[in-house]
2 protein chains.
Amino acid sequence: MNREADASGRAPHSSVDGVRDKRATILDVAAAAGVSRQTVTRAMNNMPGIKPATRERVQQEARTLGYVPSRFAKGLVQGSRTSVGLSIPGLTNPYFPAFASSVVEAATQRGWHVVVDDYGHGESSGLSSVQHLAPHVDAVIGYLGPHTLNANDLLSGRPLLVLDRVSGEAGAGISFDYPYAASLALDHLALRGSSSVLYLDAIISMTTAADAPAVEIPLHVAPLDDGGGTDAGRSEPVQLSVRGKAFVELAASRGVGLEVVSAGESAEAAFTSLSARLASGPCPDAVLAFNDLMAAGALKALSAHGVRVPQDCVVMGMDGIPLGRLLAPELTTLSLDLRAVGRMAVDLVAGLIDGSLVPGSPESAVTVRHELTVRESA
Amino acid sequence: MNREADASGRAPHSSVDGVRDKRATILDVAAAAGVSRQTVTRAMNNMPGIKPATRERVQQEARTLGYVPSRFAKGLVQGSRTSVGLSIPGLTNPYFPAFASSVVEAATQRGWHVVVDDYGHGESSGLSSVQHLAPHVDAVIGYLGPHTLNANDLLSGRPLLVLDRVSGEAGAGISFDYPYAASLALDHLALRGSSSVLYLDAIISMTTAADAPAVEIPLHVAPLDDGGGTDAGRSEPVQLSVRGKAFVELAASRGVGLEVVSAGESAEAAFTSLSARLASGPCPDAVLAFNDLMAAGALKALSAHGVRVPQDCVVMGMDGIPLGRLLAPELTTLSLDLRAVGRMAVDLVAGLIDGSLVPGSPESAVTVRHELTVRESA
DNA sequence: AGTGATCCCGTGAACGTTCACGGTACAGAC
DNA sequence: GTCTGTACCGTGAACGTTCACGGGATCACT
């Protein structure tokens, strides 16, 4: 005789004017089928030691009650599969989905789960995404942009791995060697004989950085007057991206003229900004874009203005996403082995979780280098 | 005085020759800090009612022990955020990441989590992905391709929503109205005056369909002899995709000559197959591709063969991914409002979870129509 | 000294499931 | 009739956390 959970007066799945009660538990099913918890477990999980008729009856009762086993209770008693959260800023740039997939691939090989949170919608910052994710995963991999390492506090002890970490900041992360990338690009352009280079930088909306108010960003600074310039343009207030800074600094140290045009981080914005720039000044020899997507926009802008690529002007992107190979002309770019980066991220997180890696240590902060992929556009 | 968990002889995080014991629990931290469970909880979750010094000491102890709160125990007592699993076949086609992001967006608005599983790597089928996901989520949204509704058995009562569901199959799902899409495409091509159409179909690897052995797929069937054809070509064994079948049938019913060329589901494969076809026969008026990615490959193949688009031959894709706008010429396509589809999927799952929607019912199976997006290529 | 009020902190209970074990019924063999 | 085995089913315990409540200090004010 079954005596568990007989005190509940009302049915667990009754709907009173549209509002449903709490979810049915295993005890509700057991009571309804006239059996015990354990028998319900055996029926639901297809375990042996149960009469087929009973199994069928229990499953039927579970179905009508809308019983769904609690994955928490199950995970609690059975021991968990580890799962990591992944914060990325959106889908408009194929780079992020590609990165996400590489993480999912690497994590799946370890038998892990990946909870993806895309914080690109709405006004929420990456930090709120981490906060959203934190209670439900064992660690977080965050593409939060730079200067967001204080996200560590939100995790209540769980490891955080920051991507595109600014070298010099504390904490575990993967950073990219932008000075090296810049040298690859400028070396290649020098080889091609480009003398006037335009860098198409991205305006990263940093809603999280309270100390960096939204500054007025002029459309272009450092006018391209080829050598003996007035430096009036250079003193304008502009907020460069971390990548952009690396390019500007290296160009300055080499004495190469580098004009910066800022645009939103999309192909359309790049098209618009570059078109405006082309309409109001001489055409540069080379356009270097913040990423491949913006390079695609640049290609369209140049083509619309009758500039032939690569004959009149070469174009380089950054990221190395597959899209580049579909463009006409195919895009020369600074590419990243995303599969390797994803694997690396998962390996680092594994170390952080099992304690063999501590967040402050030098081993927990790796640096990845881009490599030059020469195709048609430069 | 604290008396809990004092019987454990060994430290919970001691590492003996690289092998670590079980994870530290809240009781271990409590014992180490000389306080109780509840105090540890207060310290970790930044709750009031605790002396700052104590909070600090507890957090320090938690850190050295490597304590990570069990999300299962937490979820069990606090009531769970619902989370859905998402099975997608890969990253090479931007369509799937875009769809995934749309689901993540819609789910996030409800406060849900999305666990993404990408089963495109290795030999695993979508079914094994569902199996992998099932115990850890409240429902599964699966882009499993057609004929995989038996995945329902793997879920132990949890709802399954199938995408690209074949209309006529049972179960909850979202299906696409391919006959309608085909009519849109053929109407538009008729308007443009195209008489000979080539359909570039995808070879979907159906490892799950045991009854469909890997048939020999000829490079192209139904040779383009414009009207009074011998139907020798038509009798060759070819396995059309569901989309392809819709196009072929509609073309047949309209008396339009439709040649089918099959290729792998990638831009590169499309390029290769179409290039081979162009080298060995007359150029069609129009190329209709299985999806935008293959259309991109087709554009490159045509361009390589000196065929001008759209003057000599028009090209249409399918899916409407943002990539199409970056190509030259910009791609005319049958587009899908992916954000709406993602929202719809989440809404359906919500209904299935709370019981207001039953899997067999007509309401649980919705059909989405593509719309024509005319750009430069056709 | 007594009395609240306030601030810390600790203890039973509960969340919903599975594991390990123990029990009952029924069959067949002696 | 008793014994042994097998098939089926039920009950305590445990997983690790938070909630609700209760108790002991400390301090101020009568």
Side-chain angles (χ1 to χ4, degrees), chain A residues 1-8 12 21-31 33-58 62 65-81 134-136 138 156-158, chain B residues 1-8 12 21-31 33-58 62 65 67-81 135-136 138 156-158:
Chain A
M1 180 172 300
N2 178 22
R3 161 134 317 179
E4 288 176 323
D6 48 358
S8 82
D21 301 351
K22 298 183 69 69
R23 270 176 26 173
T25 76
I26 200 173
L27 291 183
D28 297 321
V29 178
V35 295
S36 73
R37 293 171 315 192
Q38 186 60 30
T39 301
V40 177
T41 294
R42 281 191 267 255
M44 298 304 291
N45 300 7
N46 287 322
M47 299 167 71
I50 183 176
K51 194 155 50 180
T54 312
R55 181 194 309 278
E56 185 52 48
R57 183 162 44 94
V58 170
L65 283 178
Y67 166 65
V68 177
S70 155
R71 64 176 189 283
F72 291 107
K74 186 177 295 204
L76 186 57
V77 65
Q78 282 186 331
S80 74
R81 199 182 292 268
H136 302 273
D138 299 313
S156 69
R158 292 184 182 76
Chain B
M1 180 171 299
N2 177 22
R3 164 134 313 178
E4 287 177 323
D6 49 359
S8 81
D21 301 352
K22 298 183 70 68
R23 268 176 27 170
T25 77
I26 200 173
L27 291 183
D28 299 319
V29 179
V35 294
S36 74
R37 292 171 316 192
Q38 186 59 31
T39 301
V40 176
T41 294
R42 282 191 266 255
M44 299 302 290
N45 298 9
N46 288 322
M47 300 169 71
I50 183 177
K51 195 155 49 181
T54 312
R55 181 195 307 279
E56 185 51 47
R57 183 162 46 94
V58 170
L65 284 178
Y67 166 65
V68 177
S70 156
R71 64 177 189 283
F72 291 108
K74 188 176 295 205
L76 185 56
V77 66
Q78 280 186 331
S80 74
R81 201 182 290 269
H136 302 273
D138 299 314
S156 69
R158 293 183 180 76

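Lettering follows sequence order; numbering is per chain, from 1.
Of all heavy-atom pairs spanning R42(B) and P48(B), the tightest one is CD-O, 3.6 Å. Considering every non-hydrogen atom in both S36(B) and A30(B), the closest pair reads C-CB, 3.7 Å.
Whole-Å rounding puts the R71(A) CZ to dT17(C) C1' distance at 14 Å. Note: CG (D28(B)) to C1' (dC15(D)) measures 13 Å, nearest angstrom. Atom CE of M47(B) and atom P of dG10(C) are 14 Å apart (whole Å). Between Y67(B) atom OH and dG16(D) atom C1' there is a gap of 8 Å when expressed in whole angstrom units. Atom CG in D138(B) sits roughly 12 Å away from atom P in dT17(C) (whole-Å rounding). Rounded to an integer number of Å, the gap from L76(B) CG to dA13(C) C1' is 13 Å. Nucleotide dA14(C) holds its C1' atom 13 Å from the CG atom of L27(A), rounded to whole Å. The interatomic distance linking F72(A) (CZ) with dT18(C) (C1') rounds to 17 Å, in whole Å.
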Review point. What do the steps show when you test D28(B) against Y67(B) for side chain to side chain contact (heavy atoms under 4.5 Å, CB included), and what is the final call?
Key: CA-CA 8 Å; D28(B) 299 319; Y67(B) 166 65; over 6 Å; no
Point to revise | Audit row: K74(B), F72(A), side chain to side chain contact (heavy atoms under 4.5 Å, CB included) steps and yes/no | key: CA-CA 8 Å; K74(B) 188 176 295 205; F72(A) 291 107; over 6 Å; no
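Residue-level contact check: S70(A) touches the backbone only, with heavy atoms under 4.0 Å from sugar-phosphate atoms and none from bases.
In this structure, CD on Q78(B) lies 14.0 Å from CZ on R71(B), to the nearest 0.5 angstrom. The distance from the OG1 atom of T39(B) to the CD1 atom of I50(B) is 5.5 Å, given to the nearest 0.5 Å. For the atom pair CG (L65(A)) and CD1 (I26(A)), the distance works out to 12.0 Å, reported to the nearest 0.5 Å. With rounding to the nearest 0.5 angstrom, the CG atom of L27(B) is 7.0 Å from the CZ atom of R37(B).
When the nucleotides dT17(C), dT17(D), dT18(C) are ranked by their closest atom to the side chain of Q78(A), dT18(C) comes out on top. With distances taken from any side-chain atom of Q38(A) to the nucleotides dC19(D), dA20(C), dT17(D), the minimum falls on dA20(C).
Between N46(A) and R55(A) the shortest side-chain heavy-atom distance falls below 4.5 Å.
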Contact list (N/O, under 3.5 angstrom) for nucleotides 6-9 of chain D vs protein:
from   : atom 1 : to     : atom 2 : distance (Å)
dC9(D) : OP1    : T54(A) : OG1    : 2.7
dC9(D) : OP2    : K51(A) : N      : 2.9

Tabulated below should be each protein N or O lying under 3.5 Å from an N or O of nucleotides 24-26 of chain D; please produce it.
none

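The rotation axes computed at either terminus of the helix from dA1(C)-dT30(D) to dC30(C)-dG1(D) lie 60° apart, taking five pairs at each end and rounding to 10 degrees.
Listed by chain and number, the residues in a side chain to side chain contact (heavy atoms under 4.5 Å, CB included) with A33(A) are V35(A), R57(A), V58(A), E61(A) (sequence neighbours excluded).
Between V40(A) and the choices T54(A), N45(A), V29(A), the side-chain contact (heavy atoms from CB on, under 4.5 Å) rule is met once, by V29(A).
With hydrogens and angles ignored, a donor-acceptor pair closer than 3.5 Å exists between the side chain of R37(B) and the base of dG12(C).
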